[in-house]
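Single-structure report; data block below.
Throughout, numbering of the chain's residues begins at 1 and tracks the sequence.
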Amino acid sequence: QVQLVESGGGLVQAGGSLRLSCAASGRAFSSFGMGWFRQAPGKEREFVAVINWNGGTTYYADSVKGRFIISRDNAKNTVYLQMSSLKIEDTAEYYCARDRRLWGSYSGRPDIADFGSWGQGTQVTVSS
(Lines give C-alpha, C1' and ligand atoms only; values in the text may rest on other atoms or scores of the structure.)
Protein backbone atom coordinates (compact mmCIF):
# COMPACT_ATOMS: atom_id res chain seq x y z
CA GLN A 1 0.00 0.00 0.00
CA VAL A 2 1.46 3.34 -1.02
CA GLN A 3 1.05 6.50 1.02
CA LEU A 4 1.24 9.88 -0.66
CA VAL A 5 1.90 13.15 1.15
CA GLU A 6 1.60 16.47 -0.63
CA SER A 7 3.32 19.67 0.46
CA GLY A 8 4.21 23.09 -0.88
CA GLY A 9 0.82 24.69 -1.09
CA GLY A 10 0.10 28.16 0.21
CA LEU A 11 -1.09 31.66 -0.55
CA VAL A 12 0.43 33.40 -3.57
CA GLN A 13 -0.41 36.45 -5.63
CA ALA A 14 -1.59 36.12 -9.19
CA GLY A 15 1.37 35.80 -11.50
CA GLY A 16 3.45 34.10 -8.85
CA SER A 17 4.85 30.60 -8.60
CA LEU A 18 4.66 27.60 -6.30
CA ARG A 19 6.23 24.17 -6.33
CA LEU A 20 4.21 21.28 -4.99
CA SER A 21 5.81 18.04 -3.88
CA CYS A 22 4.32 14.62 -3.38
CA ALA A 23 6.37 12.14 -1.39
CA ALA A 24 5.50 8.47 -1.72
CA SER A 25 6.20 5.72 0.74
CA GLY A 26 6.37 2.07 -0.13
CA ARG A 27 8.11 0.24 -2.87
CA ALA A 28 7.68 0.33 -6.62
CA PHE A 29 7.14 4.09 -6.88
CA SER A 30 9.23 4.13 -10.06
CA SER A 31 6.99 1.55 -11.74
CA PHE A 32 3.85 3.68 -11.86
CA GLY A 33 2.63 6.82 -13.52
CA MET A 34 1.74 9.69 -11.23
CA GLY A 35 -0.79 12.46 -11.60
CA TRP A 36 -1.80 15.77 -10.12
CA PHE A 37 -5.45 16.70 -9.78
CA ARG A 38 -7.26 19.62 -8.17
CA GLN A 39 -10.63 20.39 -6.71
CA ALA A 40 -12.07 23.84 -6.18
CA PRO A 41 -14.96 24.43 -3.77
CA GLY A 42 -18.23 23.31 -5.29
CA LYS A 43 -16.55 21.73 -8.28
CA GLU A 44 -15.57 18.22 -9.26
CA ARG A 45 -12.02 17.01 -8.99
CA GLU A 46 -10.24 17.64 -12.27
CA PHE A 47 -7.12 16.45 -13.98
CA VAL A 48 -4.08 18.74 -14.02
CA ALA A 49 -1.03 16.79 -15.19
CA VAL A 50 0.35 13.28 -15.45
CA ILE A 51 3.79 11.74 -15.85
CA ASN A 52 4.78 8.21 -16.78
CA TRP A 53 7.09 5.96 -14.78
CA ASN A 54 10.41 7.40 -15.96
CA GLY A 55 9.37 10.96 -16.72
CA GLY A 56 9.60 10.45 -20.45
CA THR A 57 5.95 11.21 -21.11
CA THR A 58 3.85 14.00 -19.67
CA TYR A 59 0.42 15.35 -20.41
CA TYR A 60 -1.34 18.48 -19.21
CA ALA A 61 -4.81 19.89 -19.00
CA ASP A 62 -5.29 22.70 -21.48
CA SER A 63 -5.91 25.13 -18.63
CA VAL A 64 -2.36 24.70 -17.26
CA LYS A 65 -0.38 23.88 -20.38
CA GLY A 66 2.63 26.18 -20.72
CA ARG A 67 2.39 27.28 -17.08
CA PHE A 68 2.78 24.06 -15.05
CA ILE A 69 5.49 21.43 -15.25
CA ILE A 70 5.24 17.95 -13.75
CA SER A 71 8.42 16.06 -12.96
CA ARG A 72 9.61 13.21 -10.79
CA ASP A 73 12.67 12.01 -8.96
CA ASN A 74 12.46 8.26 -8.59
CA ALA A 75 15.50 8.17 -6.33
CA LYS A 76 13.56 10.32 -3.87
CA ASN A 77 10.14 8.74 -4.47
CA THR A 78 8.80 12.19 -5.18
CA VAL A 79 6.74 13.84 -7.89
CA TYR A 80 6.62 17.60 -8.33
CA LEU A 81 4.35 20.20 -9.85
CA GLN A 82 6.03 23.49 -10.68
CA MET A 83 3.33 26.10 -11.10
CA SER A 84 4.07 29.47 -12.69
CA SER A 85 2.02 32.43 -13.86
CA LEU A 86 -0.64 31.43 -11.37
CA LYS A 87 -4.17 32.65 -11.89
CA ILE A 88 -6.99 33.14 -9.43
CA GLU A 89 -8.79 30.24 -11.09
CA ASP A 90 -5.92 27.94 -10.09
CA THR A 91 -7.13 28.19 -6.50
CA ALA A 92 -7.98 24.67 -5.35
CA GLU A 93 -6.96 21.74 -3.21
CA TYR A 94 -4.25 19.89 -5.13
CA TYR A 95 -3.91 16.12 -4.90
CA CYS A 96 -1.35 13.71 -6.20
CA ALA A 97 -2.33 10.20 -7.14
CA ARG A 98 -0.79 6.98 -8.37
CA ASP A 99 -2.00 5.20 -11.46
CA ARG A 100 -3.37 1.72 -10.81
CA ARG A 101 -1.55 0.42 -13.88
CA LEU A 102 2.14 -0.22 -14.26
CA TRP A 103 4.38 2.19 -16.19
CA GLY A 104 1.79 4.64 -17.47
CA SER A 105 1.32 5.28 -21.15
CA TYR A 106 -0.28 8.64 -21.70
CA SER A 107 -1.26 9.89 -25.12
CA GLY A 108 -4.10 12.00 -23.81
CA ARG A 109 -6.12 12.96 -20.80
CA PRO A 110 -6.21 10.03 -18.35
CA ASP A 111 -9.35 8.81 -16.64
CA ILE A 112 -9.46 9.81 -13.00
CA ALA A 113 -10.80 6.32 -12.25
CA ASP A 114 -7.41 4.92 -13.30
CA PHE A 115 -5.83 6.42 -10.18
CA GLY A 116 -6.25 4.36 -7.05
CA SER A 117 -4.02 5.88 -4.38
CA TRP A 118 -4.49 9.47 -3.30
CA GLY A 119 -2.83 11.92 -0.97
CA GLN A 120 -4.65 14.17 1.47
CA GLY A 121 -4.13 17.28 -0.62
CA THR A 122 -2.46 20.65 -0.26
CA GLN A 123 -4.30 23.95 -0.59
CA VAL A 124 -3.24 26.50 -3.18
CA THR A 125 -4.82 29.94 -2.96
CA VAL A 126 -4.09 32.57 -5.56
CA SER A 127 -5.04 36.13 -4.68
CA SER A 128 -5.42 39.21 -6.86
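Sorted by first and then second residue, the disulfide (SG to SG under 2.5 Å) pairs involving residues 98-128 (not counting sequence neighbours) form an empty list. Listed by first then second residue, pairs satisfying ring-ring contact (aromatic ring centres under 6.0 Å, His included) with a partner in residues 8-30 number zero, not counting sequence neighbours. Counting only residues at least two apart or in different chains, ring-ring contact (aromatic ring centres under 6.0 Å, His included) contacts with residues 58-108 comprise Trp53-Trp103. Residue pairs meeting the disulfide (SG to SG under 2.5 Å) criterion with at least one member in residues 25-113, sequence neighbours excluded: Cys22-Cys96.
The main-chain N or O of Asn52 is found under 3.5 Å from a side-chain atom of Arg72 such that the two form a donor-acceptor pair. When atom types are taken as modelled, the side chain of Thr78 and the backbone of Lys76 share a donor-acceptor pair closer than 3.5 angstrom.
Judged by the 6.0 Å distance and 45° axis criteria, Arg45 is not positioned over the aromatic ring of Phe37.
Linking ILVMFWY side-chain heavy atoms closer than 4.5 Å, directly or via other members, places Val64 and Met83 in a single hydrophobic cluster.
Qualifying side-chain contact (heavy atoms from CB on, under 4.5 Å) partners for Ser25, counting only residues two or more places apart in sequence or in other chains: Gln3. For Glu46, the side chain to side chain donor-acceptor pair (under 3.5 Å) partners at least two apart in sequence or on another chain are Arg38.
Salt-bridge formation is not detected for the pair Asp90/Lys87: no Lys NZ or Arg NE/NH1/NH2 atom is positioned less than 4.0 Å from an Asp or Glu carboxylate oxygen.
Counting all heavy atoms, side chain and backbone alike, Leu81 lies closest to Ala49 at CD1-CB, 4.2 Å.
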